[in-house]
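All remarks here apply to the structure that follows.
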Amino acid sequence: MKLTGAQAIIKALELEKVDIIFGYPGAAICPFYDSLLDSAITHVLTRNEQGAAHAASGYARVTGKTGVCVATSGPGATNLITGIATAYMDSIPMVAITGQVSSELIGRDVFQEADITGATAPFCKHNYLVKDAKALPRIIKEAFHIASTGRPGPVLIDIPIDVQNKEISFAYPESIDIKGYKPTYKGHSLQIRRIADAIAKAKAPVICAGGGVINANAAEELIKLAEKLRIPVTTTLMGIGAIPADHELSLGMLGSHGVYSANYALHNADLVIIMGARVADRAIGTASKIAEKAKIVHIDIDPAEIGKNIGTSIPVVGDVKLILKELLETAVKGNADEWMESIKRIKKEHPLKHRDGEEGVAVKPQYLLSMLSDMLDRDSIITTEVGQNQIWAANHFKVKKPRTFISSGGMGTMGYGLPAAVGAKFGAPRQKVVAVCGDGSFQMSMNELGTIKQHKLGVKIIIFNNSRLGMVRELQKNRYCGRYSQVFLEDNPDFVKLVEAYGFTGERIDSDSQVRDALGRFLADDRPYLLECIVDPEEPTL
Amino acid sequence: MAKHTLSVLVENHPGVLSRVAGLFSRRGFNIDSLAVGVTENPDISRMTIVVDGDDYTVEQVSKQLNKLIDVIKIKQLDKTDSVSRELALIKVAATTSTRSEIIQIVEIFRANIVDVSKNTLTIEISGGSSKVAALEDMLRQFGIKEIVRTGTIAIERGNKYIKANNNEEE
């Protein structure tokens with residue numbers, strides 16, 4: 001079959017069962033966009049390439065499929081970088097396709113030329129600069145394979161315009177052989193037996209579940225194991241949803257922004273089973289202390305994570321779902337009843353709490369989020385921005401299912417939540433999707449309101465407005481003697497009027513007594529709705 | 001901190017060297033030397049990388065290198081069980097009065113003189129880094145004008161070899 005390079009890309013995407021892509025056209029990617037007209041693939045035009053990358057990432061997190069974003073050369077490609085880096089840090093499967101200037105002009109600094117493979121190398125699982133159109137089918141096949149297998153991550157394919165125009169005879173390869181890429185899936189049986197032994201002996205075990213559990217679709221096995229062995233489970237930010245927040249064995253999020261009971265369990269355990277987590281500083285900042293007291297089991301699909309941030313007594317490399325299945329067959333409950341009792345007591349003694357908002361002055365975000373999670377279905381999705389809003393949501397919105405809490409964990413990217421909600425809504429059109437934002441982060445991506453309007457997406461938006469960059473302000477208050485530097489956003493626009501300009505409904509509330517009714521209106525239908533909540537600037541993150 | 005030698009098989013693609021070098025700078029690892037050349041299979045290149053660091057660093061370097069899709073295989077070479085060489089070209093000032101003394105030193109080191117001019121001699125030496133360093137030390141008194149070194153290359157002793165597809169034993 002004779003196809004142009006551009007047609008070959010589209011054909012390959014169809015063969016990879018891609019039905020939606022997020023992107024933004026430009027000169028160097030025009031052959032691709034021309035061929036796209038003849039395809040059934042849906043294209044979502046965002047308002048900035050960064051929005052396209054975040055939307056593809058939100059889509060991937062919700063569906064588990066590989067998200068695809070497209071941009072032109074030069075600034076189009078560089079605008080993708082923050083989205084690619086965000087996906088890389090959180091191990092999200094993504095394929096990014098960029099146009100490039102004509103092959104013979106590469107290196108001459110022509111209009112809209114940027115070395116995007118060079119620029120994204122540190123943020124990509126892999127990337128390609130396609131110099132020969134005949135290699136396109138193989139490269140696209142490899143890209144999807146690399147992005148979605150092993151530890152998932154973004155892969156970028158940079159395609160010069162002449163390669164897109166070149167005619168090739170198209171044949172899609174059936175198999176893949178990449179000499180340097182053979183992920184390990186099955187865990188070492190001996191090591192798994194050692195974990196079972198350690199569990200049987202443990203008096204104070206705790207499981208720490210990360211985003212890897214969600215990536216591996218292993219939440220069901222995790223819950224089964226925890227229930228069978230009566231082991232409490234704490235999660236990292238990326239692991240939220242691996243166990244329902246209302247599950248009796250759930251301790252909540254650990255770490256510097258986590259809850260007391262989770263950190264208590266971690267610091268008093270004699271066996272810590274880390275699965276699909278990379279022991280990052282915000283989650284486990286005191287790794288060496290914990291490793292001194294407890295035996296550390298570390299399960300991860302990426303061998304490079306083992307021993308990177310924490311010393312490990314029992315490392316297992318492999319797919320956490322397969323390992324948990326094997327562990328479920330062999331492991332037996334240890335003698336940790338006393339430990340469970342003390343965990344229960346600690347949970348009761350240190351619940352998450354907050355004061356009520358002051359009538360007519362402020363809404364308590366914790367109160368609103370907790371009520372929101374009660375009012376939404378179990379499979380509703382929330383996305384967050386980064387800042388206080390993210391931590392409030394992580395701790396107070398009771399997430400019940402995997403792939404329903406969508407947040408930039410590793411990179412901490414402001415401006416992520418709104419475009420991610422766009423992708424999430426395309427991934428789960430029948431579920432409610434709520435973007436939780438701060439007034440600062442909302443303004444980093446509010447151009448995507450245009451995308452929401454154009455595609456008639458029922459995305460719900462909550463803005464916690466304290467007219468501040470709240471988390472930075474708090475940091476300056478606590479660590480910089482209250483010398484506030486560039487954290488005031490006092491001339492914010494009228495957010496209600498802003499969304500009205502797009503034809504959406506907006507509403508502003510400023511006390512807790514309004515929250516229930518307002519949320520009722522907010523969730524009543526499937527149309528875009530913005531709820532602006534005035535928040536006390538002094539409201540702490542924790 | 002000790003020096004460790006890694007023998008790394010990589011795809012012979014453009015851009016591989018920059019990925020490897022970029023990884024070192026990004027993760028804060030120090031490269032002591034890096035030598036790269038094509039292997040008996042033209043699709044595959046071999047990099048010999050000498051890393052300065054403790055065991056933790058070397059383990060991390062290996063693991064992170066392994067994550068690069070273009071990296072096929074990595075083997076840390078044991079010092080006693082491998083042969084390592086580097087090549088240096090040293091241009092040294094030589095006058096009629098010093099020339100014969102320099103030639104004597106070169107002979108003792110079993111090095112070669114590869115170029116001669118009125119005022120200089122260019123010496124080629126290959127050997128372990130300490131031998132190269134020792135010659136450099138001996139020649140310094142005459143005035144070294146320029147040194148070019150290749151960086152270490154190394155190979156395992158005996159009938160073991162590192163192949164892309166199967167394992168190390170013959």
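Quick note on labels: first sequence line is chain A, next is B, and so on, each numbered from 1.
Considering only heavy-atom pairs separated by less than 4.5 Å from chain B, the leading option among P303(A), A121(A), G307(A), P122(A) is P122(A). Ranking I69(B), V71(B), I72(B), L68(B) against chain A, the residue ahead of the rest is I69(B), based on heavy-atom pairs under 4.5 Å.
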Looking only at N and O atoms, which donor-acceptor pairs between chain B and chain A are within less than 3.5 angstrom?
| residue | atom | partner | partner atom | Å |
| --- | --- | --- | --- | --- |
| R19(B) | NH1 | N127(A) | OD1 | 3.0 |
| R19(B) | NH2 | N127(A) | O | 3.0 |
| R19(B) | NH2 | N127(A) | OD1 | 3.0 |
| Y56(B) | OH | K308(A) | O | 2.7 |
| Q60(B) | NE2 | A304(A) | O | 3.4 |
| K63(B) | NZ | P303(A) | O | 3.1 |
| K63(B) | NZ | I306(A) | O | 2.7 |
| K67(B) | NZ | D302(A) | OD2 | 2.6 |

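Within a 6.0 Å sphere centred on CD1 of I113(B), other residues, nucleotides and ligands contribute more than 12 heavy atoms.
I306(A) touches chain B through backbone and side chain together, each having a heavy atom under 4.5 Å away.
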